Amino acid sequence: MEVMWVKSHGRIFVGRVLFLLVLFLWIQTQAVVGRTRTNVTNSSTSSTPRVFRVGALFSLDSIIGRSAEPAIVAAFEDVNADSSILPGIKLEAALHDTNCSGFAGTMEALQLMEDEVIAAIGPQSSGIAHVISHVVNELHVPLISFGATDPSLSSLQYPYFVRSTQSDYYQMYAIADLVDYYRWREIIAIYVDDDNGRNGISVLGDALAKKRAKISYKAAFPPGAPRKDISDLLNGVNLMESRVFVLHVNPETGLSIFSIAQKLGMMDSGYVWIATDSLASALDSLDPIDPKILNLLQGVLALRHHTPDTNEKKNFLSRMKRLRNKETPSFNSYAVYAYDTVWLVARALDTFLNEGGVVSFSSDPKLSDTNGSTLHLESLHVFDEGPTFLQTVLGTNFTGLTGLVQFDNERNRIRPAYDILNIGGSGMRRIGYWSNYSGLSVVAPEILYKKPPNTSTSSQQLYGVIWPGETATKPRGWVFPNNGKPLRIAVPNRVSYLEFVSKDKNPPGVRGYCIDVFEAAINLLPYPVPRQYILFGPGDRNPSYDDLASQVALNNYDAAVGDVTIVPNRTRFLDFTQPYIESGLVVVVPVKEIKSSPWSFLKPFTPQMWCVTGAFFILVGTVVWILEHRHNPEFRGKPKKQLMTVFWFSFSTMFFSHRENTVSGLGRLVLIIWLFVVLIINSSYTASLTSILTVQQLSSQIEGIDSLISSNQPIGIQEGSFARKYLTEELNIQPSRIVTLKNMEAYIDALERGPKDGGVVAVVDELPYIEILMSNTNCKFRTVGQEFTKSGWGFAFQRDSPLAVDMSTAILQLSENGDLQKIHDKWLLKQDCSTQESDVDLNQLSLSSFWGLFLVCGIACFLALTAFFIRVLFQYTKFSPEPEQHDEENSPDRPKGKGPFGTTSSFRDLIYFVDKKEKEIKEILKQKSKKRRRSLSSDGQSSSSA
């Protein structure tokens with residue numbers, strides 16, 4: 001293989017004379033007039049050239065260049081030695097050194113274009129790539145870079161720029177995922193202020209914003225800045241709040257920055273350093289790595305282009321190590337990307353020629369000198385088939401040392417992936433991978449590509465990290481700024497409900513329930529928080545809490561502590577802690593005591609309950625009379641007397657003062673169950689009557705928020721409360737109905753006067769305030785309906801403040817250990833008015849509360865009567881159907897008719913039988929049994945005589 005090597009010796013100075021001298025290098029000896037066409041031919045054929053030139057443009061004396069140069073040379077050798085690709089054709093490399101200079105790079109690029117190359121490999125610098133892209137756009141020569149990672153180069157402005165490495169667009173999203181994985185919310189970006197640095201950090205800001213994080217400060221320094229300027233820059237960022245630094249610089253600058261940071265104490269515990277792939281490239285170029293450098297970078301996280309660990313890659317690196325020298329002791333990832341870039345051009349050219357493509361160049365009239373200029377731009381030729389060859393390059397698909405080589409619609413490599421490295425100990429340790437396919441993972445991306453994509457938060461995983469200071473504990477990522485400024489805390493300067501927050505003569509200048517909760521939470525934090533309380537508001541009225549929230553969002557205060565309600569419009573621009581007290585809007589109305597009524601004793605039961613209870617008294621009395629009538633003389637006598645006995649016995653059981661004794665087993669069973677029912681009814685009646693005689697009732701017809709909305713009467717709210725906005729905007733209540741009340745005394749006066757006397761029909765306010773109001777007024781007012789909003793009070797911080805998260809954790813600890821309840825009881829424990837009812841009807845007892853008792857009693861009565869009549873019928877059937885004269889003579893009161901004492905039975909005989917005493921029935925049955933035995937004996941003697 002032939003290699004044309006063009007290297008500039010010394011430093012190129014910017015000036016017109018030097019510019020002209022460089023241009024004369026590519027001035028042609030013959031003037032070209034009009035448009036001519038040049039075909040590249042060889043001796044064997046006129047349509048297929050034997051030699052094609054491919055340009056290579058990069059800085060040889062750089063970390064990337066020292067790795068890329070031998071890889072490019074080896075790639076050209078391998079391509080020319082492979083007979084399966086470009087048979088009979090030789091690729092020739094035209095290498096040009098940009099000498100780490102933008103101006104020199106531009107001049108070298110112009111000279112490279114004069115060589116009529118079909119493609120240009122490089123440059124490694126994104127700044128030079130921006131300039132050269134305009135040249136290749138005009139000449140239609142694809143510019144394929146293995147080192148320019150600026151995301152903006154993928155724009156439509158540079159259609160001939162093709163990136164054969166990974167774009168920093170994906171690297172910045174990888175860093176954003178890292179920041180989100182460790183729950184940091186602010187970072188400081190340190191970068192070189194060039195095209196690559198600015199555009200990369202811009203993408204990082206967008207990526208962090210999607211994770212609800214941000215770049216709190218952009219620390220930029222110019223290319224080639226002296227150490228003193230970098231030291232001053234790091235001193236400045238060290239005074240800031242964030243301790244997470246993202247370093248995006250070129251490989252030559254990274255180590256010097258870490259050296260300065262170590263001297264400033266910025267590599268100790270608590271700091272976080274995340275470096276882009278430039279740091280890993282610098283370390284990979286060292287073999288072995290100096291222990292001093294490793295000690296300098298202890299705990300740093302770094303990203304590196306991920307390339308699969310294949311045998312082809314291992315063989316290539318072994319081959320490269322045999323070629324290494326003092327200047328190139330080892331090779332970084334850019335070596336394999338440069339190698340694959342040459343093969344990309346070779347495969348694309350092979351496809352292009354096989355499809356009938358012709359390589360030809362022609363001059364462009366737009367580049368011809370028409371004004372007698374000595375620049376001779378006509379020596380620059382246009383690649384006629386450049387657009388077609390560009391599409392062939394973008395459509396090429398093969399597997400190289402870097403993995404799958406394939407491009408997307410934005411001319412970027414598909415399947416971008418990075419290794420996540422932790423520098424510590426004796427080298428770099430891989431703690432995981434990142435890919436846009438599955439995010440952070442400890443499994444290699446090429447394995448995950450075989451599975452469905454999964455970027456959920458729960459699937460993100462990395463191995464443990466040793467952070468700066470040789471600690472395994474994740475740094476918090478922020479501290480209070482070391483600039484002597486305490487936390488500026490705004491406190492509402494209230495004139496009412498001073499139990500929550502108020503001005504105090506003693507330090508810290510404020511007091512109240514909210515202040516005690518905040519101080520208790522602050523004391524639980526593992527770090528000191530210098531703070532200063534600043535009263536917000538005029539002092540003669542309550543301040544507007546929306547204005548307070550806005551002042552915090554505008555950075556006039558760092559936080560707001562007090563009775564600040566967490567509402568949606570405030571959470572859009574503030575971060576709130578966990579609520580430390582529940583709150584919600586309620587409706588408050590006045591109440592009055594009910595005057596006693598002559599008929600109050602009837603109110604404990606509903607009419608239905610009274611009727612059923614009376615019916616059961618009569619039913620039980622009747623059942624007991626039936627069961628006791630045959631056994632107990634007290635339940636016998638004349639009909640009038642027995643009727644009075646039934647009613648007396650029934651209702652005397654209400655007071656357990658019945659005089660009649662029960663002697664039958666069934667009667668006693670029914671009576672015991674009934675007395676239990678009476679006991680429950682008496683107790684319930686007594687409790688209900690007591691509640692009714694002491695109950696309060698509403699002095700208005702407002703029963704909740706719905707009836708309040710439907711009325712047209714005035715509504716009172718607290719001054720400065722969000723209730724006004726909620727009532728008017730959410731519930732569509734007319735603003736003219738809203739009356740602003742200054743303090744508790746105004747509440748009481750407006751409610752007592754009522755709407756007829758210039759007051760209000762009800763007050764709408766948050767529950768904590770209302771509980772204080774009702775307690776201080778001996779429950780003269782009460783809430784109606786339910787809370788119609790659900791919210792709470794929290795401490796407000798600026799958006800994405802890390803202190804909000806730590807304070808939320810502290811509040812939860814206060815709740816778990818009981819300290820939060822103790823603070824509540826200290827300031828807010830008053831008389832409880834929540835147990836009082838507002839309506840008498842709520843105290844009335846209905847049948848639904850006792851039907852179970854009545855059902856049990858009814859079943860007992862039914863079963864007792866059933867058992868009684870079965871026994872009576874059994875006795876009735878034992879009587880002989882033959883009449884007895886003796887019975888008739890001894891029973892003059894027997895009803896006329898035929899029955900068991902006559903020849904036939906009748907219903908009246910049955911009633912007569914039932915009415916007989918049990919003792920008499922048993923005696924009759926005994927005599928009947930004796931007669932029957934005598935009769936059987938006589939019949940036996942007669943038959944024996946016969």
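What you see is a predicted model, and the numbers here were worked out from it, not measured in a lab. All residue numbers refer to positions in the sequence shown, counting from 1.
- With sequence neighbours excluded, the residues satisfying ring pair (Phe, Tyr, Trp, His ring centres under 6.0 Å) with Tyr158 are His130, His134.
- When only modelled atom types and interatomic distance are considered, Ser438 and Asn454 share no side-chain donor-acceptor pair under 3.5 Å.
- Remark: Tyr433 engages His306 in a ring pair (Phe, Tyr, Trp, His ring centres under 6.0 Å) (not counting sequence neighbours).
- Here salt bridge (charged side-chain N to carboxylate O under 4.0 Å, His left out) pairs that include residues 188-205, with residues two or more places apart or in two chains, are Asp193-Arg198, Asp195-Arg198.
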Determine all donor-acceptor pairs shorter than 3.5 Å in which one atom belongs to a side chain in residues 180-191; sequence neighbours excluded.
| from | atom 1 | to | atom 2 | distance (Å) |
| --- | --- | --- | --- | --- |
| Tyr181 | OH | Leu462 | N | 3.3 |
| Arg183 | NH1 | Asp180 | O | 2.8 |
| Trp184 | NE1 | Pro475 | O | 3.0 |

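- Residues Asp168 and Thr149 bring a donor and an acceptor atom of their side chains to less than 3.5 Å of each other.
- Applying the side chain to side chain donor-acceptor pair (under 3.5 Å) test to residues at least two apart or on different chains, none of the pairs has a partner in residues 463-481.
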Original post:
Would Leu303 and Leu421 count as a side-chain contact (heavy atoms from CB on, under 4.5 Å) if you check the C-alpha gap in whole Å, the side-chain angles of each, and the deciding distance to 0.1 Å?
Top reply: CA-CA 6 Å; Leu303 275 70; Leu421 307 174; over 6 Å; no
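- Distance alone, capped at 3.5 Å, is enough to place a donor-acceptor pair between the Arg413 side chain and the Ser164 backbone.
- Not a single salt bridge (Lys or Arg N to Asp or Glu O under 4.0 Å) links Asp806 to another residue, sequence neighbours left out.
- Of the residues listed (Phe331, Tyr337, Tyr339), the one engaging Phe316 in a ring-ring contact (aromatic ring centres under 6.0 Å, His included) is Tyr339, and it is the only one.
- Aromatic ring pairs are classed by plane angle as parallel below 30°, tilted from 30° to 60° and perpendicular above 60°; the pair Phe245 and Tyr271 is parallel.
- Taking both residues in full, the closest heavy atoms of Pro468 and Gly299 are given as CD-O, 3.4 Å, listed atom of the first, atom of the second, then distance.
- Listed by chain and number, the residues in a ring pair (Phe, Tyr, Trp, His ring centres under 6.0 Å) with His248 amount to none (sequence neighbours excluded).
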Side-chain polar contacts of residues 219-234 - donor-acceptor pairs under 3.5 angstrom, sequence neighbours left out - could you list them?
| from | atom 1 | to | atom 2 | distance (Å) |
| --- | --- | --- | --- | --- |
| Lys228 | NZ | Asp232 | OD2 | 3.2 |

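- Between Thr98 and Ser59, the side chains place a donor N or O and an acceptor N or O closer than 3.5 Å (distance only, hydrogens not considered).
- Applying the ring pair (Phe, Tyr, Trp, His ring centres under 6.0 Å) criterion to Tyr334, with sequence neighbours excluded, gives His305.
- Between the side chain of Asp340 and the main chain of Leu401, a donor-acceptor pair closer than 3.5 Å is present.
- Nearest heavy-atom pair, Gly122 versus Leu143, reported as atom, atom and distance to 0.1 Å: O-CD1, 2.9 Å.
- Asp290 has its side chain out of reach of Leu286: every pair of non-hydrogen atoms, C-beta onward, lies at least 4.5 Å apart.
- With contacts defined as side-chain heavy-atom distances shorter than 4.5 Å, the pair Phe518/Met807 qualifies.
- Among residues two or more places apart in sequence or in another chain, the salt bridge (Lys or Arg N to Asp or Glu O under 4.0 Å) test is passed with Asp575 by Arg212, Arg799.
- Nearest heavy-atom pair, Arg163 versus Ala148, reported as atom, atom and distance to 0.1 Å: NH1-O, 2.8 Å.
- When side chains are defined from C-beta on, Leu57 does not count as touching Ile121, because their heavy atoms never get closer than 4.5 Å.
- Note: Phe146 and Phe58 have perpendicular aromatic rings, judged against thresholds of 30 and 60 degrees for the angle between ring planes.
- Ion pair Lys314/Asp309 not flagged as a salt bridge, since none of the NZ, NE, NH1 or NH2 atoms sits closer than 4.0 Å to an Asp/Glu carboxylate oxygen.
- Judged by distance alone, the side chains of Asp150 and Asn196 never bring a donor and an acceptor atom under 3.5 Å apart.
- Listed by chain and number, the residues in a salt bridge (Lys or Arg N to Asp or Glu O under 4.0 Å) with Lys211 are Asp177 (sequence neighbours excluded).
- Inter-residue side-chain proximity for Ile201 and Lys218 is flagged as met; some heavy-atom pair is nearer than 4.5 Å.
- Each of Val237, Asn238, Val272 was compared with Arg243 under the side chain to side chain contact (heavy atoms under 4.5 Å, CB included) criterion, and only Asn238 meets it.
- Distance alone, capped at 3.5 Å, places no donor-acceptor pair between the Ser330 side chain and the Ser285 backbone.
- The shortest non-hydrogen separation linking Leu448 to Ser441 is CD1-OG, 3.6 Å.
- Contacts classified as salt bridge (charged side-chain N to carboxylate O under 4.0 Å, His left out) and involving residues 265-277 (residues at least two apart or in different chains) are not found.
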**OP:** Given ring pair (Phe, Tyr, Trp, His ring centres under 6.0 Å), test Tyr449 with Tyr437 step by step and report yes or no.
**Re:** CA-CA 7 Å; Tyr449 292 146; Tyr437 188 79; 5.3 Å; yes
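- Checked by atom type, the side-chain pair Thr253/Asn250 shows a donor-acceptor distance below 3.5 Å.
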